[in-house]
Structure formats: structure tokens, C-alpha cells
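Side chains included, hydrogens not; waters and symmetry mates left out as well; all remaining heavy atoms used. All values derive from a computational prediction rather than experimental measurement. Chain naming here is simple, since letters A, B, ... match the order of the sequence lines and numbering starts at 1 in each.
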4 protein chains.
Amino acid sequence: MAPRRATTTSKLSQRGSRAQARQREIIDAAAAVFSEKGYHGSSTRDIADRVGMQQGSLYYHFPSKDAALAEVCRVGVEGFVAGLETIIADEQPAEAKIRAAFANHLKGLHDRRDYIRTFLFSRHNLPRDLRQEISRLSRLYESRLEALLLSLQADGAVRNDLDCRLAVLGFLGMCNAAAASHRPDPKIPLDAYVESFATLFLSGVMLKS
Amino acid sequence: MAPRRATTTSKLSQRGSRAQARQREIIDAAAAVFSEKGYHGSSTRDIADRVGMQQGSLYYHFPSKDAALAEVCRVGVEGFVAGLETIIADEQPAEAKIRAAFANHLKGLHDRRDYIRTFLFSRHNLPRDLRQEISRLSRLYESRLEALLLSLQADGAVRNDLDCRLAVLGFLGMCNAAAASHRPDPKIPLDAYVESFATLFLSGVMLKS
Amino acid sequence: MAPRRATTTSKLSQRGSRAQARQREIIDAAAAVFSEKGYHGSSTRDIADRVGMQQGSLYYHFPSKDAALAEVCRVGVEGFVAGLETIIADEQPAEAKIRAAFANHLKGLHDRRDYIRTFLFSRHNLPRDLRQEISRLSRLYESRLEALLLSLQADGAVRNDLDCRLAVLGFLGMCNAAAASHRPDPKIPLDAYVESFATLFLSGVMLKS
Amino acid sequence: MAPRRATTTSKLSQRGSRAQARQREIIDAAAAVFSEKGYHGSSTRDIADRVGMQQGSLYYHFPSKDAALAEVCRVGVEGFVAGLETIIADEQPAEAKIRAAFANHLKGLHDRRDYIRTFLFSRHNLPRDLRQEISRLSRLYESRLEALLLSLQADGAVRNDLDCRLAVLGFLGMCNAAAASHRPDPKIPLDAYVESFATLFLSGVMLKS
DNA sequence: TATGAATGAGTATTCATTCAT
DNA sequence: GATGAATGAATACTCATTCAT
């Protein structure tokens with residue numbers, strides 16, 4: 001139904017495409033398992049079983065469980081920024097931009113659900129150095145979102161008294177809440193989430209007085 | 001500075017108040033440890049160390065690590081409902097009610113931070129039966145919130161086209177995002193969060209046209 | 001037949017004597033296993049089996065395999081110095097002192113064979129910091145031996161052209177060679193080794209011309 | 001500076017000299033690695049890395065890690081006997097023969113340091129059958145040394161009361177002690193060791209009375 | 001109430017070895 | 001001759017839990 005596949009390259013192994021494919025299988029499996037049971041709740045055996053591999057064989061492809069977690073988180077976050085940049089660059093009215101930002105985020109959540117759940121719930125378990133690289137990426141995303149709001153505010157499209165930093169927190173919190181539940185409600189289509197969250201964010205809850 | 005203490009009674013041990021006090025010490029410690037390292041990342045030794053006790057001695061007070069987790073989650077969620085009921089019952093204009101709901105939630109987050117972080121990030125690790133009891137509580141909270149919105153909608157104070165279920169998701173996501181970071185930003189006072197989130201939720205981001 | 005038991009106290013746990021006794025059982029077992037198969041060739045299971053314990057239970061008494069190795073080495077070396085000091089202090093003719101030094105060393109080798117074989121063959125496997133503590137002890141022993149030879153040389157009892165440092169190397173090499181074989185030759189009594197090695201060291205191989 | 005190279009042929013692969021050269025590279029690497037970390041402390045990857053080869057590729061040249069160890073030990077011990085035979089055969093005074101024996105042994109230790117350290121410290125790890133072949137070689141060396149001493153004793157050049165078996169043990173222990181330290185003291189030249197050990201062995205430590 | 005000691009199952013990781021290509 | 005990928009068994013160490021004292 002949904003792609004749920006990593007698309008970007010990282011520094012992990014520039015070997016043949018056969019090897020790359022196997023690696024993608026493995027982080028896909030890791031993402032699924034981490035997403036379901038959390039980092040410490042997942043064993044390397046769980047991951048190996050899912051790939052149909054022997055536990056120890058994973059270590060031919062990944063140096064450690066940590067490294068697999070880092071890669072999953074990286075892939076999870078990475079996708080957000082690229083989409084957002086295009087939105088910022090495009091010529092659109094303010095409202096359309098914000099709606100597009102919601103669509104971008106919720107689409108990512110849908111396509112890379114396991115990756116992003118892992119980022120949201122398990123990034124704490126990364127060792128300091130790896131965690132910092134991931135934090136850098138996610139702070140980049142946040143700062144681009146804030147920049148978007150600030151520019152719209154400068155244009156007079158957004159309320160002057162809005163604390164854009166907290167608004168970004170609200171934006172992300174609202175969206176990510178949709179990823180918190182273990183299985184998403186399949187009766188609610190993606191568009192409905194986008195429509196509702198974007199409108200809520202744009203116009204609030206109260207009737208215009 | 002902040003209370004961060006459990007206040008409600010549960011079915012766990014109706015023994016003397018001396019015993020109760022010791023138990024509270026222990027779930028306080030458990031909450032702190034779970035909040036910091038997650039359920040599987042925390043060992044019973046971590047908890048015992050924090051109480052100044054021997055690992056095995058915990059089992060005099062708690063039947064299992066699971067049970068401690070359940071108790072922490074229970075205490076974390078429980079507090080929300082009581083406050084909300086008062087707000088619903090009080091005679092106030094719509095906007096004030098919603099602001100009060102934000103204050104209630106964010107105050108809880110502040111006072112029982114470790115408990116609620118544990119609920120947010122570690123409740124998945126509960127065995128099915130215990131998890132269901134906790135889910136019942138949190139769904140109760142959600143449905144009371146939804147009921148509040150629906151009643152305001154019926155009164156004509158809230159937009160007619162608002163999907164109140166998704167709005168509750170947005171409300172909670174926004175608030176809980178503030179608990180996601182390991183250490184809260186101490187430069188931003190609680191009131192600022194309440195003010196910002198409530199206004200965002202009520203009036204949205206766009207300038208009234 | 002022979003004691004083969006640790007006699008000195010170390011910093012490892014000053015707990016009840018019950019605990020101390022159990023610890024001694026464990027390093028005794030570790031010494032035996034390390035002596036037979038080398039450090040890396042010995043598994044913690046081997047040790048546990050020998051004590052009649054579960055593998056993981058060892059870790060209640062020792063923090064790591066390394067630490068057990070260090071303790072075995074420490075006990076092995078430690079005994080040598082004390083005996084030598086008495087010999088140096090005693091009033092005796094040069095020849096008697098050197099014979100006593102041989103007796104002291106070979107007796108140690110006999111009584112703590114497993115400990116000393118472990119020191120001789122497995123100390124390389126210690127992590128740097130632990131290794132240095134052990135090295136300090138063994139260098140102390142060597143320097144006391146050298147001091148003994150130097151003082152006898154100053155008294156005119158020992159050849160003036162003797163390189164005392166190399167002589168110590170020879171002394172130790174000769175003695176320790178007796179520990180190199182897996183099982184000592186039971187037909188040769190301890191006294192015969194002492195007599196032969198001491199005479200060899202004192203008078204050499206050639207007929208007085 | 002020093003050769004440190006295997007020179008003798010074994011039964012391992014009578015293939016082309018290209019193959020032989022590669023094999024020699026590999027046991028050279030194995031000797032170096034075993035010498036530094038011991039048999040169980042060395043992985044086949046360590047060896048492969050040192051040759052610049054893939055782990056599994058070693059198995060084209062050697063049937064097993066055991067076999068490589070056996071070959072290293074064999075090469076290490078083998079060299080000693082040949083040199084000693086020449087010394088025994090030559091017409092020389094007793095003292096010169098013994099000095100030559102020391103020179104022979106210490107020269108071997110210098111030229112094939114890694115091989116001999118491996119023999120000294122890791123031969124225990126050989127499986128029984130391979131170990132016996134190596135033991136045969138080293139016992140041959142010991143018995144030739146003992147024969148030398150016995151013949152000199154028969155000639156009246158060596159003390160009549162000397163236990164020649166133990167003297168051989170002393171000879172070897174003294175020499176091999178020089179190989180025990182991880183890195184030899186570079187300030188002491190080979191000749192100095194030979195001179196000192198030989199004199200010590202010949203004349204002992206005491207002043208002639 | 002609490003401790004000290006132990007258990008037994010689990011966990012990440014390593015490693016000698018194999019084999020199709 | 002050599003590689004890349006995999007296996008299966010072992011290994012040090014952790015941990016929730018139990019229980020006699």
C-alpha cells in the first residue's frame with residue numbers, strides 16, 4: 001500500500017548495488033522492529049528473523065545495533081527537509097504554503113512511518129556522537145519551518161504576536177501525534193488529516209467573531 | 001521547585017502509611033528512571049540505587065517491573081481527568097474553558113513530568129492486560145476533551161466544520177510535544193506555553209481577514 | 001598435597017568472611033582454568049562449572065573476567081616479595097642467601113603454581129591499567145633481587161664483572177622454566193630443583209680449574 | 001634489520017613457488033599476530049588484514065587456524081637443532097661449544113622472535129596430534145643439548161655432580177626469558193646477552209675461592 | 001522489611017569456517 | 001587465487017526474579 005522505503009544514500013557502504021539492496025532490506029526490518037517494540041525491546045534476533053537471516057550475519061552489513069538505529073533515524077528525518085525546501089522556494093500564497101508543509105510532513109509520516117516512529121521514540125537511545133548528528137538534521141528541519149513562518153509573518157500574512165518557535169513545536173506535535181498510536185486509523189484518509197490539521201493550525205478552533 | 005509527586009491512591013497495598021510512603025518513593029524513582037532511559041533501558045538496579053535499596057528488596061513492595069510501570073503510567077494519566085471535570089462543570093465562556101484545559105494539561109505535564117513522559121514513551125511496553133487499564137483511563141480523558149469541544153460546538157462557539165476528534169489529537173499532540181525534549185527549556189515559563197498554545201489553538205496562525 | 005591457595009587480602013570486597021571464602025573459591029577456580037587453557041582459551045563457563053555455579057552468578061562476585069585475571073596475577077606475584085625481604089634482612093653468608101632466594105621462588109611456584117603460570121602466560125591479556133599495577137609488583141620483585149646481588153657484589157662475594165640485571169633475568173628464567181611444562185615432573189622433588197638451580201647459578205657448569 | 005623469516009619447507013603445499021611465497025607471507029603474518037596477542041586472542045581477520053587479504057581467502061592457503069599455528073611453531077623450533085648439530089660435530093674446547101650453543105639459541109630467538117614466542121606461549125593451544133609433532137621436535141632439541149653436556153661431562157670438562165637434565169632446563173629458561181618480554185630491550189646487543197648468559201652458565205655467580 | 005546470593009534466560013557481538021561466483 | 005556473503009556456535013555480560021536468613 002505505502003512505500004515505506006528508504007530513498008536516500010548515506011555513508012554506510014558504497015559497495016555494489018546488491019549489497020546496498022541487502023542493507024536496505026535490513027534497515028527496513030530494523031525500522032519495523034524498532035517502531036513496534038522500541039530500541040531496547042528489540043533484539044538483533046528480531047531483526048534478523050524479519051530479514052530471514054542468521055543473527056550474527058547482520059554484522060556483516062552493520063557494525064552494531066546502534067549504527068542501525070542511527071541509520072533508521074537519519075533516513076526518517078532526512079526526507080522532511082528536501083520537500084520543505086521546495087515549498088519554501090515555490091511561489092504560493094501563505095495559506096497554501098502552510099497547507100503544503102502539513103501535507104509534506106504527514107505524507108512523510110505515512111510513507112516512512114516506521115522510520116519516523118523510531119526517530120520519535122528511540123532516538124534517545126543513540127550514543128552521544130550519533131545522536132548529535134541526528135539532532136543536527138532535525139534542528140535543521142525545525143529551523144527551516146520557523147524560517148517559513150517568520151517570512152510569512154514579515155509579509156503580514158501571519159499574526160504579528162505569534163511566537164514562531166512555539167508554533168513550530170505545535171505544528172510538529174500535532175502532526176507527530178498522528179504517528180504515536182501503534183496502528184493508524186485506516187478509516188481516516190491522509191487528506192483528511194492534512195485538511196483538518198492545516199485548517200486548525202491556520203484558523204484555530206473558534207468561530208470568527 | 002515543582003511537586004512531581006504522586007498523589008492518588010491505587011489498589012497497590014493498603015498497608016500502613018509507612019509502607020505507602022516507601023511505595024511512593026519507589027514509584028517516584030521508577031518514574032524518574034523510566035523517563036530518562038525508557039522501560040527496557042532501565043534496570044531494577046537503577047531504580048533500587050535511586051531509592052538507596054538493594055535490587056531484590058524492591059520485590060517486597062512491587063510484584064514486578066511491569067507493575068511498577070503500570071502504576072507510574074496510571075498516576076501520570078489519572079491526574080488529568082479530575083482537573084478537566086471541574087473545568088467542564090464550571091460556568092465559563094468557551095474561550096476561557098479551552099484556555100483552562102490547556103493550563104490543566106500543561107500544569108500536569110510540569111508537575112508529573114517523569115510520570116507523563118513514561119506514559120507517553122513507555123506505555124507500549126506494558127503487557128496487554130495492564131495496558132488496557134491504562135488505555136481506558138487515557139481514552140476517558142480524550143473523550144471528555146472531545147465532549148467539551150462538542151458541547152462548545154453545539155453552543156455555536158466553535159466552528160461547525162471542526163472534526164473534534166482530530167482537534168483533540170491536535171490539542172494533545174501540541175501539549176505533549178513540550179514533554180518530548182529530555183529537559184524542558186527553563187527560560188520559557190509555563191504561562192508562556194499555555195498562552196501560546198491556547199491562542200494558537202483558538203485563533204490559528206493567520207491574520208483575521 | 002600442596003596448598004595452592006591465595007593467602008593475601010586485596011581490595012576486592014571487604015564483605016563478610018562467607019563472601020570472602022566464596023571469592024577465594026572463585027579465583028582458585030579461575031587460576032586453575034587460566035593456567036590450563038590460557039585466558040582467551042578459558043570461558044567464564046569453565047570457571048563457573050569448576051565452582052559449581054551458574055555462569056552469570058560469577059558476576060555477583062567479580063565485575064569482569066579481566067578483574068578475575070588481575071586478581072589471580074596479583075596473588076601470584078605478591079607472595080614472592082615478602083619472602084625475599086626476610087632473606088635480605090637475615091644475617092647469612094652470600095651463598096646461603098642466594099640458595100634461600102631460589103628456595104623462596106621455587107616454593108612459591110610449587111604452592112601457587114596455577115596463579116604463577118597464569119601470571120607468566122596470561123598477564124599480557126590484562127587491559128593496560130590493570131596490567132600496570134601487576135607490572136609494578138613484578139618489577140618490585142626484580143629490583144629487590146637485583147639489589148640483593150648488588151649488595152653481595154659490593155661485599156666482594158659475587159664476581160665483579162657480573163651484570164646483575166641479566167643475572168636476575170637468568171635467575172627468573174631458570175626458575176620459571178620449571179613452571180612452563182603443563183604438569184611438573186613428580187619424580188623430581190622440590191629440593192632437587194632448589195639444589196640444582198642454586199648450585200648452577202652459584203658455581204656454574206665448568207669444573208673449577 | 002633482522003631476517004625474522006621462515007626458511008624451511010614443510011609438507012604444506014608442494015605447489016609452485018609463487019604459492020609458496022604467499023604461504024610464507026601468511027605464516028609470517030600469523031607468527032606476528034600470535035606472538036603479539038596469543039592464539040585465542042588473534043582472529044583470522046587479524047592475520048588476513050596483515051597480509052592484505054580477505055578473511056575467507058586464507059583458507060585457500062591453509063586448512064585451518066590450528067594448522068597455521070602448528071606451522072609457525074614448527075618453523076620456530078626447527079631452526080635450533082640444525083645449528084646445534086654443527087656445534088656438536090665441530091672440534092672445539094668445551095667452553096667454546098657451550099658459548100656457541102648460547103649464541104645459536106639466542107640468534108634464533110632474535111631472527112625468529114615471533115615464531116618462537118608463539119611456540120613458547122601458544123603451543124598449548126594445538127590439538128593433541130599436532131602438538132605431539134611439535135613436542136617431538138622440541139624434545140629432540142633438548143636431548144641433543146643434554147647429550148652435549150653429558151659428553152663434556154664424560155670428558156671431564158663439566159662438573160661431575162651436575163644434573164644435566166636440569167641444566168638443560170636452566171639453559172633454556174635463561175635464554176627464553178629474554179623472549180618473554182613483549183619488546184626486547186634494544187639497548188642491549190645480542191652479543192651482550194650471549195656473553196653474560198654463557199659466562200653465568202659456565203662459571204656461576206660466585207667468586208672463585 | 002530488607003539483604004545477599006543465586007538462577008536461568010537473554011543479548012549484542014565475535015569468529016572460524018564454508019562456498020558460490 | 002581471491003571475494004563477498006553467510007552460517008552456527010560460542011562468549012562475556014545483564015537482568016528480572018526468587019528466596020533463605
Chemist: Given C/Tyr60 and C/Gln54, is the side chain to side chain contact (heavy atoms under 4.5 Å, CB included) satisfied, shown in steps?
Modeler: CA-CA 11 Å; C/Tyr60 188 84; C/Gln54 214 56 24; over 6 Å; no

Chemist: Tell me which nucleotide among F/dA6, E/dA6, E/dA16 gets nearest to the side chain of A/His61.
Modeler: F/dA6

Chemist: So which protein nitrogen or oxygen atoms get under 3.5 Å of nucleotides 18-21 of chain F's nitrogens or oxygens?
Modeler:
none

Chemist: Do C/Phe34 and C/Ile47 have side chains that approach each other closer than 4.5 Å (heavy atoms only, starting at C-beta)?
Modeler: yes

Chemist: Consider the side chain of A/Gln54, meaning its heavy atoms from C-beta on, and name the nucleotide among E/dA2, E/dT17, F/dT7 that approaches it most closely.
Modeler: F/dT7

Chemist: Can you tell me how far C1' of E/dT14 sits from NZ of A/Lys65, to the nearest Å?
Modeler: 17 Å

Chemist: Closest heavy-atom contact between C/Ser42 and C/Lys65?
Modeler: O-NZ, 2.8 Å

Chemist: Please give me every residue in residues 32-44 of chain C whose heavy atoms get under 4.0 Å of an atom in DNA chain E, ordered by residue number.
Modeler: none

Chemist: Looking at E/dA6, I'd like to know if its phosphate oxygens (OP1 or OP2) sit under 4.0 Å from a side-chain N or O belonging to C/Arg22.
Modeler: yes

Chemist: Could you work out, with side-chain contact (heavy atoms from CB on, under 4.5 Å) as the rule, every residue matching D/Arg22, not counting sequence neighbours?
Modeler: D/Glu25, D/Val51, D/Met53, D/His61

Chemist: Rounded to whole angstroms, how far apart are CZ on C/Arg45 and P on F/dA9?
Modeler: 15 Å

Chemist: Flag yes if more than 12 heavy atoms outside C/Arg131 fall under 6.0 Å of its CZ atom; otherwise flag no.
Modeler: yes

Chemist: Mind checking side-chain contact (heavy atoms from CB on, under 4.5 Å) for C/Asp66 and listing every partner two or more places apart, or none if nothing turns up?
Modeler: C/Tyr39, C/Ser64, C/Pro127, C/Leu130

Chemist: Can you give the dot-bracket line for DNA chain E, where a pair is Watson-Crick or G-U wobble with both atom distances under 3.5 Å, crossing pairs use [ ], and | marks a partner on another strand?
Modeler: .||||||||||||||||||||

Chemist: What nucleotide, of F/dA12, E/dA5, F/dT7, holds the atom closest to the side chain of C/Tyr60?
Modeler: E/dA5

Chemist: Could you tell me the separation between the CG atom of D/Asp66 and the P atom of E/dC15, rounded to a whole number of Å?
Modeler: 16 Å

Chemist: With nearest nucleotides of DNA chain F determined for D/Leu58 and B/Ser64 from heavy-atom distances, which residue corresponds to the more 5′ nucleotide?
Modeler: D/Leu58

Chemist: Tell me the interatomic distance from A/Asp49, atom CG, to F/dT7, atom C1', rounded to whole angstroms.
Modeler: 14 Å

Chemist: If you take all heavy atoms of D/Leu69 and D/Thr118, which pair is closest and at what distance?
Modeler: CD1-CG2, 3.5 Å

Chemist: Looking only at the side chain of A/Met53 (C-beta and beyond, no hydrogens), which of the listed nucleotides F/dA6, F/dA12, F/dT17 gets closest?
Modeler: F/dA6

Chemist: Who are the side-chain contact (heavy atoms from CB on, under 4.5 Å) partners of D/Leu137, not counting sequence neighbours?
Modeler: D/Arg74, D/Val77

Chemist: In terms of side-chain geometry, is the basic nitrogen of B/Asp46 or B/Arg50 positioned less than 4.0 Å from the acidic oxygen of its partner?
Modeler: no

Chemist: With a 4.0 Å cut-off on N to O distance, would you call B/Asp28 and B/Arg24 a salt bridge?
Modeler: no

Chemist: For the residue pair A/Phe62 and A/Gln23, establish whether any side-chain heavy-atom pair is separated by less than 4.5 Å.
Modeler: yes

